Asker: 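Shown below is the structure under consideration.
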Amino acid sequence: MTFSLPTHVTQVISPEGKLVSDPPELPPEQLVEFYRWMVLGRVFSNRMVALQRQGRMGTFAPLNGQEAASVGLAAPMMDDDWLVGSYREAISFFMRGIPITAIMEQWAGYIPISYSPATNVMPIQVVLASQMPHAVGMAMAMQYKKKASAVVAVIGDGATSEGDFNESLNFAGAFKAPLVTVVQNNGWAISVPREKQTAAEYIAHRGPAFGMPGYVVDGNDVFAVFKTMETCLERARAGEGPSLIEVITYRMGAHTTADDPTKYRPPEELAEWEKKDPITRYRIYLRTLGLLNEEKEAGIEEEVRQELQIAVERYESERPAQRAEKYFDLVYNDTPPQLARQRDELLQFLNRER
Ligand SMILES: Cc1ncc(C[n+]2csc(CCOP(=O)(O)OP(=O)(O)O)c2C)c(N)n1
Ligand SMILES: [Mg+2]
């Protein structure tokens with residue numbers, strides 16, 4: 001089957017908060033819920049950066065600017081679907097029931113033991129694109145078991161240059177795996193701009209090349225992401241095969257707390273994207289529907305701050321003692337000799353430090 005190259009960016013809500021195409025049919029409570037998740041994401045991200053600066057958190061990758069993409073990709077997923085993400089989709093993880101404390105623990109260097117299997121979420125993946133072979137394998141397993149479910153894989157623009165991404169999409173296309181791949185194109189891969197990753201106009205052009213539809217979506221528009229995801233999830237569940245969605249968004253903060261974007265990014269670029277802020281445009285839209293006003297917005301923000309405060313207190317008081325050797329214990333059933341040597345060396349070093 002031949003698919004045509006995507007030529008336009010799907011948008012439902014303009015940056016000014018106006019409808020430019022049909023919105024999804026959702027009850028008012030769910031519309032407000034989306035807003036709440038986005039606000040929670042931003043407050044969470046800012047709090048994590050503050051904790052890191054105070055020496056209370058490990059390195060963290062801020063998600064500011066990408067809230068609509070994370071909400072839009074997770075919202076239409078069903079319980080039996082799986083989410084195989086990267087490291088900037090904390091909101092999607094929360095929406096599937098992963099506690100805030102679990103994400104805090106992982107950024108603090110803990111092995112993510114508190115993920116409940118019932119959430120169908122794989123732990124945050126930092127090794128670029130290595131989640132993709134997992135995702136396509138899981139999707140093929142679902143197909144083999146004749147389950148009408150889908151796997152949603154999320155990856156950054158920079159990571160699409162990895163072999164793993166392209167090999168996985170090739171597999172997915174050839175085997176018609178029920179996989180929906182979302183590329184969070186946030187403009188940058190640390191200091192490397194998107195233009196350096198591919199000479200193609202859109203990353204989603206690779207979809208048709210691998211035998212699947214490709215979509216380009218305004219990633220700062222929660223409705224556009226939601227609607228495109230719905231289409232692709234239905235296609236996957238119906239056994240019609242995979243899809244590739246490129247969501248165009250912007251990383252408003254630093255790559256991580258170890259990065260300083262002022263060294264490589266012109267300030268005008270951020271100013272341009274601030275005008276396209278996903279939360280602002282959605283707030284304006286919900287105000288026009290009469291679902292939000294200043295009082296309601298302040299109430300949501302206060303509620304979210306309290307939720308985060310409770311999570312921070314729990315994370316700081318209930319963290320178990322970390323054993324460095326645990327990382328080695330969990331890699332192999334029988335630790336190979338070279339790894340055992342590295343483990344012993346590390347323990348000797350840590351004992352000397354103490
Ligand atoms: C295989 C691999 N190579 C290099 C890195 C170091 N690294 C971490 S994040 C990153 C940039 C990724 O950019 P992108 O895929 O666009 O995701 P974003 O950080 O923008 O969300 C790099 C090079 C890594 N984690 N894994
Ligand atoms: Mg990127």
Side-chain angles (χ1 to χ4, degrees), residues 9 38 41-42 44-46 48-49 52 58-74 83-94 103 106-107 109 112 122-136 152-169 181-206 216-220 225 244-266 269-270 272-273 276 278 327 331:
V9 181
M38 285 197 237
R42 188 156 302 183
F44 164 79
S45 182
N46 292 341
M48 290 289 275
V49 172
Q52 192 278 339
T59 304
F60 173 69
L63 56 83
N64 304 42
Q66 299 183 217
E67 296 87 350
S70 298
V71 172
L73 78 90
L83 176 65
V84 186
S86 183
Y87 45 80
R88 230 181 273 281
E89 294 82 47
I91 310 177
S92 316
F93 284 47
F94 299 152
I103 302 295
Q106 201 172 347
W107 283 108
M122 290 285 271
I124 294 174
Q125 181 53 273
V126 175
V127 183
L128 298 179
S130 65
Q131 71 272 32
M132 293 301 302
H134 301 160
V136 70
V152 175
V154 191
I155 183 163
D157 50 298
T160 62
S161 298
E162 288 282 348
D164 273 352
F165 173 76
N166 298 284
E167 289 150 15
S168 302
L169 286 198
T181 302
V182 181
V183 176
Q184 289 237 34
N185 172 4
N186 63 6
W188 294 87
I190 316 184
S191 57
V192 180
R194 147 64 189 91
E195 293 69 41
K196 293 270 161 64
Q197 298 296 344
T198 168
E201 187 183 2
Y202 293 120
I203 293 168
H205 281 180
R206 256 176 272 174
V216 188
V217 177
D218 182 338
N220 286 9
V225 180
L244 176 63
I245 306 175
E246 173 181 0
V247 301
I248 300 185
T249 178
Y250 192 71
R251 191 196 81 208
M252 293 174 96
H255 170 69
T256 65
T257 46
D259 171 52
D260 174 7
T262 63
K263 293 270 189 282
Y264 55 83
R265 222 163 57 168
E269 192 181 280
L270 178 60
E272 244 351 271
W273 279 92
K276 303 182 200 170
Y327 288 97
V331 181

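Counting convention: from 1, in listed order, for ligands and their atoms alike. Everything numeric in this text was worked out from a predicted model, so none of it was measured. The first residue in the sequence is number 1, and the count goes up from there.
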Asker: Would you say Trp188 reaches the Mg ion (ligand 2) with an N/O/S atom under 2.8 Å?
Answerer: yes
Asker: For the backbone of Ile155 and the side chain of Gln184, can you confirm whether one donor and one acceptor N or O come within less than 3.5 Å of each other?
Answerer: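 No, the answer is negative, given that no donor and acceptor are paired below the 3.5 Å cut-off.
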Asker: What atoms in ligand 1 come closer than 4.0 Å to a heavy atom of Glu162?
Answerer: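 Matching atoms, with element in brackets: 1 (C).
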Asker: Nearest N/O/S atom of Asp157 with respect to the Mg ion (ligand 2), by atom name, please.
Answerer: OD1
Asker: Within ligand 1, which atoms have a heavy atom of Asn186 less than 4.0 Å away?
Answerer: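 What qualifies from ligand 1 is 18 (P), 20 (O), 21 (O).
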Asker: Just which atoms of ligand 1 are under 4.0 Å from any heavy atom in Ala159?
Answerer: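 Reading through ligand 1 atom by atom, the close ones are 15 (O).
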Asker: For atom 11 (C) of ligand 1, what is the closest protein heavy atom, and at what distance to 0.1 Å?
Answerer: Ile190 CG1, 3.6 Å
Asker: Are any non-hydrogen side-chain atoms of Thr256 and Gln52 less than 4.5 angstrom apart?
Answerer: no
Asker: For atom 13 (O) of ligand 1, which candidate among Pro193, Ala189, Ala61 provides the closest heavy atom?
Answerer: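 Considering heavy atoms of Pro193, Ala189, Ala61, the nearest to atom 13 (O) of ligand 1 sits in Ala189.
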Asker: For atom 21 (O) of ligand 1, which protein heavy atom lies nearest, and how many Å away is it?
Answerer: Arg88 NE, 2.9 Å
Asker: Measure the shortest side-chain to side-chain distance between Gln66 and Ile91 over non-hydrogen atoms and say whether it is less than 4.5 angstrom.
Answerer: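 Gln66 does not reach Ile91 side chain to side chain.
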Asker: Using a distance threshold of 2.8 Å, state whether an N, O or S atom of Asn185 lies below it from the Mg ion (ligand 2).
Answerer: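 Checking the Mg ion (ligand 2) against Asn185, no N, O or S atom falls under 2.8 Å.
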Asker: Tell me whether Leu128 has any N or O atom under 3.5 angstrom from an N or O of ligand 1.
Answerer: yes
Asker: Taking 4.0 angstrom as the limit and counting only heavy atoms of Trp188, give me the atoms of ligand 1 inside it, by number and element.
Answerer: 16 (O), 20 (O)
Asker: Under 3.5 Å between some N or O of ligand 1 and some N or O of Arg251?
Answerer: no
Asker: At what distance is the nearest protein heavy atom to atom 12 (C) of ligand 1, and which residue and atom is it?
Answerer: Tyr87 OH, 3.3 Å
Asker: Taking only heavy atoms of His255 into account, list the atoms of ligand 1 that are under 4.0 Å away from them.
Answerer: 9 (S), 10 (C), 11 (C), 19 (O)
Asker: Looking only at the aromatic ring of each residue, does the gap between the centers of Phe44 and Phe60 stay below 6.0 angstrom?
Answerer: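 That pair passes the under 6.0 Å test.
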Asker: Give the residue and atom name of whichever protein heavy atom lies nearest to atom 25 (N) of ligand 1, and the separation in Å to one decimal.
Answerer: Val126 O, 2.9 Å
Asker: Can you list the residues that meet the salt bridge (Lys or Arg N to Asp or Glu O under 4.0 Å) rule with Arg42, with sequence neighbours excluded?
Answerer: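 Residues passing salt bridge (Lys or Arg N to Asp or Glu O under 4.0 Å) with Arg42: Glu67, Asp277.
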Asker: Any sub-3.5 Å donor-acceptor pair from Glu162's side-chain atoms to Asp164's backbone N or O?
Answerer: no
Asker: Are side-chain heavy atoms of Ser161 and Gln197 found at a separation under 4.5 Å?
Answerer: yes
Asker: Under 4.0 Å from a heavy atom of Gly158: which atoms of ligand 1 are those, numbered in the order shown and with their elements?
Answerer: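 Ligand 1 atoms under the 4.0 Å threshold to Gly158: 14 (P), 15 (O), 16 (O).
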Asker: Please examine the side chains of Leu83 and Leu73, heavy atoms only from C-beta on, and report whether any two atoms are closer than 4.5 Å.
Answerer: yes
Asker: Please verify the inter-ring angle class for Trp273 with Tyr250; under 30° counts as parallel, over 60° as perpendicular, anything in between as tilted.
Answerer: parallel
Asker: Answer yes if the side chains of Asn220 and Thr249 hold a donor-acceptor pair under 3.5 Å, and no otherwise.
Answerer: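 Note: Asn220 and Thr249 side chains meet the donor-acceptor criterion.
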